[in-house]
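Presented below is the structure to which this report refers.
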Amino acid sequence: MSVADLSFNQVTKRFGKVVALDKFDLDVAPGEFVTFLGPSGSGKTTALNILAGFAAATEGDVRIGDRSVVNLPPEKRNVGMVFQSYSLFPHLTVFENVAFPLRLRGTRGAALTARVIAALEMVHLGDYAARMPSELSGGQRQRVAFARAVIFDPPVLLMDEPLSALDLKLREQMQLEIKRFHAQIGCTIIFVTHDQGEALTLSDRVAVMRDGQIAQVGSPQEIYDRPNSQYVAEFIGRTNLFRLNAGQGGTWTIDGLGVTMPPVRGANATNTLLSVRPEKIRPVDSDEAGQVSFDARLTQVIFQGDHVQYEAVSSGGSPLYFQDYRGPGTHLMKRGEQIRLGFDPGDAVPVARDVA
Amino acid sequence: MKFRQILWLFLPATLLLVAFIAAPSFDLFRASVFDPDFTTEHFERLINRSVYLDVMWRTIRVSLTVAVLCTLIGYPVAFFINLQPRRRQTLLLFLILIPMWMSILIRTYAWIVILGRDGLVNQMLAMLGLATEPMQMLYTSGAVLAAMVQILLPIQILTCYAAMTEIDFDLIRAARVLGARPRQALARVFLPLSLDGTLTGLVIVFMLSMGFFITPALLGGRQDTMIANLIEFQVQRLNWSFAAALGVVLLVLTVGMIVALRGAGKLLARRVLKGGL
Ligand SMILES: Nc1ncnc2c1ncn2[C@@H]1O[C@H](COP(=O)(O)OP(=O)(O)O)[C@@H](O)[C@H]1O
Ligand SMILES: [Mg+2]
């Protein structure tokens, strides 16, 4: 088992006038599972290609382990990679696909067979060695690609949107398997996705990307609970954004809700939006101590089994939505009902408004 | 739609094939064995005279040589084009297509201008002082080969190129990142995946070579006679039945060789695909 740390240091990549990566900086610890999350065109693939050696950085340094890899060709970098379209060799059997990296490294005979079979068994495809890739389902191909990428025990594994071609159910199943593989293999994983749910499920840390830069990097919980910008707050999960106005003695008034908030962490002249996650807002009896509460009218009730999603308009005219996770004793409210809603100021995060 | 109804859709294509391929072939075959009564004399003559066997063997040999040369030149050219940026690829393909708009006759005459006693090559040699006497290049086997390769090369380039554009570049990247040096990625992934298209091109070039007539007639000597030239000669002397027998032989040899080449290609493919070269 081998594992290595890696780092991007001020990496810039330009394609003519397009800046695909802009002074990209990231340190990844050995064995860490880091996800690059961002919309299409934010530079995820470019970052991965520079790490794999398919593209050269215009500026900056990339290190794997304790050495700079910018001058190494892909075959010398010793990283595993799973491609979005699997990229299994269509002319080789499953066995030969998985054996490919070992053959190039001079492994032969019984040792080769044993390792290939072991890798195929790890991904539950022990019986499929003789098949051609075209005879496999999407999920099976994915597993073969994974076995092929890790069979030579690379210290770093790269995965570029590996699950995006699978249907939802299979995707969720593969996410759990990847988590299990990671625990088993222990190598450092860089995983690219544009699916925020996937990023939250899999990662030790998520790097939210925007225009070739990291907008925020942190644990899934940090990213979700303490987004550092409107961009991150809106990209990860769903949220309500209210406008803040400075009031007397460090207090803030919330536009549209017509309420005053006590001084709140992070609120300042630039962070003038308040992000409140829908599950943090709930019906309150009266003015509960420490709660920010306001009147609202329900405009939509969407029943989703384990939770109910409500849309409402505050008495001040702000649309908002919240979720009720139907714990014991909760009842379903009706559309049109007048209610009082509230949230804990500690659950609300001031963020800077995006400059559009 | 019922199956019966669907069958009607085959009618136009079937009629076309019967009218332009099956019927003439049948006619050809009939003419070769009825003169006017049933006879095998023409085929016997073909088999018993070494001149004719020589011509058959030469036709196959020249065609194979042309097909192999076109492949050896065409594959790298297609590879090079495939590496270029998109817009330059279009330009290069266009340049390669241009000669195909000219008739084979004109392209063959161009070779006479180049290879003749006072042709381009001899003038150059004289100018450079490399030869005192003009070299005899016309009416040699080399001239025939050069011209046939030049005429048929675009077909092999385009066929190889088409096969190469089908190869997903991520497969090459995958090979590289899994540990393959550029040469190894080429031998283990790119070459096997372009093999089928390349063999198809080789067979097409071979097939077209087998029927070549103008080029050996104008650029070759007696020693370069191919089956098609024999046929023309016999037709001119109104030996219809013997010409028909030659036609049948050409058809059978061509089809037989195509089958053999495809078989050899499959064997080669199986070896190459197994674990690389
Ligand atoms: N080979 C290339 N040539 C020109 N521009 C490119 C190339 N590759 C990527 N880009 C540009 O760089 C930016 C980042 O692309 P990419 O890394 O593929 O994003 P992502 O993987 O996040 O969708 C995009 O604007 C894209 O158009
Ligand atoms: Mg991408």
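Per chain, numbering begins at 1; letters A, B, ... match sequence-line order.
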Begin with the C-alpha distance, continue with both residues' side-chain angles, and end with the deciding distance and a verdict on side chain to side chain contact (heavy atoms under 4.5 Å, CB included) for B:L178 and A:M81. CA-CA 8 Å; B:L178 293 171; A:M81 182 149 180; over 6 Å; no
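Considering every non-hydrogen atom in both A:S85 and B:D168, the closest pair reads OG-OD2, 4.0 Å. In this structure, A:F152 and B:V177 approach most closely via the heavy-atom pair CZ-O, 4.3 Å. Across A:F89 and B:L171, no two heavy atoms sit closer than the pair CE2-O, 3.3 Å. Residues B:R188 and A:F100 share a closest heavy-atom pair of CB-CE1, 4.0 Å. Here the closest heavy-atom approach between residue B:R176 and residue A:P73 is recorded as NH2-CB, 3.7 Å.
Using a 4.5 Å cut-off between heavy atoms, A:L102 does not touch chain B at all. Only the side chain of A:N49 comes within contact range of chain B, with at least one heavy atom under 4.5 Å from a heavy atom of that chain. Looking at A:A145, neither its backbone nor its side chain comes within 4.5 Å of chain B, counting heavy atoms on both sides. Heavy atoms of A:R105 lying under 4.5 Å from chain B belong exclusively to its side chain.
Atom CG of A:D66 has 12 or fewer neighbouring heavy atoms from other residues, nucleotides or ligands inside a 6.0 Å radius. Environment of CG in B:D196: sparse, with no more than 12 heavy atoms of neighbouring residues, nucleotides or ligands closer than 6.0 Å. Enclosure of atom CZ in A:R108 by more than 12 non-hydrogen atoms of other residues, nucleotides or ligands within 6.0 angstrom is indicated. Atom OH of A:Y128 has 12 or fewer heavy atoms from other residues, nucleotides or ligands within 6.0 Å. Other residues, nucleotides and ligands contribute only 12 or fewer heavy atoms inside 6.0 Å of the CZ atom of B:R183. Applying the 6.0 Å contact sphere to NZ of A:K179 captures more than 12 heavy atoms from other residues, nucleotides or ligands.
Among B:A185, B:P182, B:G179, the residue with the largest count of heavy-atom pairs under 4.5 Å with chain A is B:G179.
Here A:E75 does not pair with B:R181 in a salt bridge; the nearest charged N to carboxylate O distance is not below 4.0 Å.
Residues B:L195 and A:H91 form no side-chain contact, since every pair of their non-hydrogen atoms from C-beta on lies 4.5 Å or further apart.
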